[in-house]
**Student:** 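Here you go, one structure.
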Amino acid sequence: MKKVLSIITIAFLLTSCGISEKVELSLADQIAGDYSVNTFTLRGQKIPLPINLGGEYLAIDMQIHKQNEELVNVKLITKSTTNGNTSESVDDIQNVVLSKNETGFIDLMSENQRLGFYSEGSVTFEIEQNGEKSSFSASKK
């Protein structure tokens, strides 16, 4: 009986004091989720979102869905009200490739072009159009 108790005690100690392994989530698992866009930067000017001014309203939500370990789809949902008319538009960006960069951030790439990056629960998209740079940042809900 003492042998059985000793074996059970040793087994308990080994399992409770076992090596704790840190499980590394895939890039897609780290970034997947629902986000709210909270700032839009245009010409160096940061604009907080959502905007709600005298009946005018603008909000942008983002959903990132995992396809596989390093591939996601991004959906941007823009909700706006102008002159009493409410509208919602959806933009889908398919097959966004994820890769960890030298700073440890996760880059979001589409057709060999960097769309933005993910770090610590926040996604930043960088846009250049007609020589003007803008960006928007979103936080996980």
**Student:** If every non-hydrogen atom of Lys140 is compared with every non-hydrogen atom of Gln30, which pair is closest and at what distance?
**Tutor:**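 For Lys140 and Gln30, the tightest heavy-atom pair comes out as NZ-O, 3.0 Å.
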**Student:** Is any side-chain heavy atom of Ile93 less than 4.5 Å from a side-chain heavy atom of Phe125?
**Tutor:**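 Yes - at least one pair of side-chain heavy atoms lies under 4.5 Å apart.
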**Student:** Please indicate whether Glu88 has more than 12 foreign heavy atoms, meaning atoms of other residues, nucleotides or ligands, lying under 6.0 Å from its CD.
**Tutor:**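 Counting other residues, nucleotides and ligands, CD of Glu88 exceeds 12 neighbours.
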**Student:** For side chain to side chain donor-acceptor pair (under 3.5 Å), just list the numbers for Thr124 and Ser135, CA-CA rounded to whole Å, side-chain angles, deciding distance to a tenth of an Å, and then say yes or no.
**Tutor:** CA-CA 7 Å; Thr124 299; Ser135 65; over 6 Å; no
**Student:** Give me the atom names and distance for the closest heavy-atom approach of Ala28 to Glu70.
**Tutor:**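 Minimum heavy-atom separation between Ala28 and Glu70: CB-N, 4.4 Å.
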**Student:** So do Thr82 and Tyr57 actually touch side chain to side chain, heavy atoms under 4.5 Å?
**Tutor:**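 No, side chains not in contact.
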**Student:** For residues Ile77 and Ile60, determine if any side-chain heavy atom of one lies less than 4.5 Å from a side-chain heavy atom of the other.
**Tutor:**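 A side-chain contact under 4.5 Å is absent here.
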**Student:** If you round to the nearest 0.5 Å, how far is CD1 of Ile51 from OG1 of Thr81?
**Tutor:**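 Reported value, rounded in 0.5 Å steps: 12.0 Å.
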**Student:** Under the side-chain contact (heavy atoms from CB on, under 4.5 Å) rule, what do Gln63 and Leu76 come out as? Steps first, then yes or no, please.
**Tutor:** CA-CA 7 Å; Gln63 298 171 345; Leu76 294 171; over 6 Å; no
**Student:** Could you tell me if the side chain of Thr41 sits less than 4.5 Å from the side chain of Ile47, heavy atoms only?
**Tutor:**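 No, every pair of side-chain atoms sits at 4.5 Å or beyond.
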**Student:** Mind checking whether Leu53 and Val37 sit in one hydrophobic cluster, side chains of I, L, V, M, F, W, Y counted as touching below 4.5 Å?
**Tutor:**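 Same cluster: Leu53 reaches Val37 through Ile, Leu, Val, Met, Phe, Trp or Tyr contacts under 4.5 Å.
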**Student:** Establish whether Phe117 and Leu27 are linked, either directly or via other cluster members, by ILVMFWY side-chain heavy-atom contacts under 4.5 Å.
**Tutor:**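 Per the 4.5 Å side-chain linkage, Phe117 and Leu27 are not co-clustered.
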**Student:** Please give me the minimum heavy-atom distance between Leu58 and Ser80, naming the atom from each residue.
**Tutor:**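 Residues Leu58 and Ser80, closest heavy atoms: CD1-CB, 4.1 Å.
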**Student:** Count the heavy atoms belonging to other residues, nucleotides or ligands that lie under 6.0 Å from NZ of Lys133, then report whether that count exceeds 12.
**Tutor:**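 No, the 6.0 Å shell around NZ holds no more than 12 heavy atoms from other groups.
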**Student:** Where is the tightest heavy-atom contact between Ile106 and Leu108, given as atom of each residue plus distance?
**Tutor:**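 Between these two residues, the closest heavy atoms are O-CD1, 3.6 Å.
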**Student:** May I ask whether Leu115 and Phe136 are part of the same hydrophobic cluster, defined by side-chain heavy atoms of I, L, V, M, F, W, Y residues being less than 4.5 angstrom apart, directly or through others?
**Tutor:**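 Yes, Leu115 connects to Phe136 through the hydrophobic network.
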**Student:** Any salt bridge linking Asp61 with Lys79? Criterion: basic side-chain nitrogen under 4.0 Å from a carboxylate oxygen.
**Tutor:**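 Answer for the salt bridge query: yes.
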**Student:** To the nearest 0.5 angstrom, please state how far the NE2 atom of His65 sits from the CG atom of Asp34.
**Tutor:**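 Answer for the NE2-CG pair, His65 versus Asp34, is 6.5 Å.
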**Student:** Using a strict cut-off of less than 4.0 Å between a Lys/Arg side-chain nitrogen and an Asp/Glu carboxylate oxygen, indicate whether Asp91 and Lys75 qualify as a salt bridge.
**Tutor:**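 So Asp91 does not pair with Lys75 through a salt bridge.
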**Student:** Please examine the side chains of Met62 and Val123, heavy atoms only from C-beta on, and report whether any two atoms are closer than 4.5 Å.
**Tutor:**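 Sidechains of Met62 and Val123: in contact.
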**Student:** Distance check, rounded to the nearest 0.5 Å: Gln94 atom CD versus Gln67 atom CD?
**Tutor:**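 Gln94 atom CD to Gln67 atom CD measures 6.5 Å (nearest 0.5 Å).
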**Student:** So do Leu49 and Asn38 actually touch side chain to side chain, heavy atoms under 4.5 Å?
**Tutor:**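 When only atoms from C-beta onward are counted, Leu49 and Asn38 do not touch, as no gap falls below 4.5 Å.
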**Student:** What do you reckon, is CD of Glu120 surrounded by more than 12 foreign heavy atoms closer than 6.0 Å?
**Tutor:**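 It does not: Glu120 CD has 12 such atoms or fewer within range.
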**Student:** Any chain of hydrophobic side-chain contacts (each under 4.5 Å) joining Val74 to Leu71?
**Tutor:**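 No, Val74 and Leu71 fall in different hydrophobic clusters.
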**Student:** Is Arg114 paired with Glu126 through a side-chain N to carboxylate O contact shorter than 4.0 Å?
**Tutor:**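 Looking at Arg114 together with Glu126, the answer is yes, because their closest N to O distance falls below 4.0 Å.
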**Student:** Is a side-chain donor or acceptor of Lys66 paired with a backbone partner of Asn73 at a separation under 3.5 angstrom?
**Tutor:**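 The answer is no, because no donor-acceptor pair under 3.5 Å joins these two groups.
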**Student:** With hydrophobic residues grouped by side-chain heavy-atom distances under 4.5 Å, do Ile31 and Phe105 end up in a single group?
**Tutor:**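 As far as the 4.5 Å side-chain criterion goes, Phe105 and Ile31 are not connected within one cluster.
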**Student:** Provide the closest heavy-atom pair for Glu132 versus Leu42 in the form atom of the first, atom of the second, distance.
**Tutor:**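 Where Glu132 meets Leu42 most closely, the heavy atoms are OE1-CD1, 4.1 Å.
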**Student:** Looking at Ser122 and Ala138, would you say the former's side chain and the latter's main chain have a donor-acceptor pair under 3.5 Å?
**Tutor:**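 Yes: the side chain of Ser122 pairs with the backbone of Ala138.
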**Student:** Check the orientation of Tyr35 and Tyr118. Use parallel for under 30°, tilted for 30 to 60°, and perpendicular for over 60°.
**Tutor:**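 Geometry flag for Tyr118 against Tyr35: perpendicular rings.
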**Student:** Between Glu69 and Ser26, which heavy-atom pair has the shortest distance, and what is it?
**Tutor:**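 Answer, listing the atom of Glu69 first, then Ser26: OE1-CB, 2.6 Å.
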